[in-house]
Trainee: 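Have a look at this one.
This one's a predicted model, so the numbers in the text were calculated from it and none came from an experiment.
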Amino acid sequence: MIVKVCGLREGQNIRDIEAAGADWIGFIFYKASPRYCAVRPDYLPEHAVRVGVFVEPTYGEVIEKVAEYGLQVVQLHGAVCCEQARKLRARWSEPFRPQNKP
């Protein structure tokens with residue numbers, strides 16, 4: 001089983017959750033969410049997989065956050081077209097996978 005915790009925004013919370021054994025830590029990049037991560041935390045997971053959670057993002061928004069946060073997985077929600085998903089996947093030489101750390 002993979003344990004994923006989303007919505008963390010404070011560095012110490014991220015450290016604590018990672019130390020508790022979370023496998024994946026998700027950052028919410030949906031402005032309407034109360035858990036929206038508007039500012040990069042002062043700590044990013046070093047052992048847990050970094051996941052970006054997006055709702056109907058633009059291609060540019062995803063690319064920006066992947067670079068800024070060193071995301072290893074992108075989770076798309078809403079009316080995301082297949083073409084956009086293919087374009088995002090094609091942006092990297094290998095598919096998004098947890099072992100492909102930046």
Trainee: Mind checking whether P45 and I25 have side chains closer than 4.5 Å, heavy atoms only?
Mentor: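 Contact flag for P45/I25 side chains = yes.
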Trainee: Tell me which pairs pass salt bridge (Lys or Arg N to Asp or Glu O under 4.0 Å) where either residue lies in residues 58-78, with sequence neighbours left out.
Mentor: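 Pairs touching residues 58-78 that pass the test: K65-E68.
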Trainee: Between F27 and Y69, what is the ring plane arrangement, given parallel below 30°, perpendicular above 60°, and tilted in between?
Mentor: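 Because their plane-to-plane angle lies in the 30° to 60° range, the rings of F27 and Y69 count as tilted.
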Trainee: For R50, is there any backbone N or O sitting under 3.5 Å from a side-chain donor or acceptor partner on Q72?
Mentor: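 Side chain of Q72 to backbone of R50: a pair is present.
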Trainee: F29, V39: one ILVMFWY side-chain cluster at the under-4.5 Å cut-off?
Mentor: no
Trainee: Using every non-hydrogen atom in the two residues, find where A22 and A48 come nearest and quote the distance to one decimal.
Mentor: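 Closest pair (atom of A22, atom of A48, distance): O-CB, 3.6 Å.
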Trainee: Do any pairs count as a side-chain hydrogen bond (donor to acceptor under 3.5 Å, both in side chains) and have a residue in residues 31-44, sequence neighbours left out, and if so which ones?
Mentor: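 Pairs touching residues 31-44 that pass the test: E18-Y43.
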Trainee: Compile the donor-acceptor pairs under 3.5 Å between side chains in residues 3-17 and protein atoms, sequence neighbours left out, one pair per line.
Mentor:
residue: K4; atom: NZ; partner: Q75; partner atom: OE1; Å: 2.1
residue: R9; atom: NH1; partner: P34; partner atom: O; Å: 3.2
residue: Q12; atom: NE2; partner: D16; partner atom: OD1; Å: 2.9

Trainee: So V53 and Y30, do their side chains get closer than 4.5 Å, heavy atoms only?
Mentor: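 No; the side chains remain at least 4.5 Å from each other.
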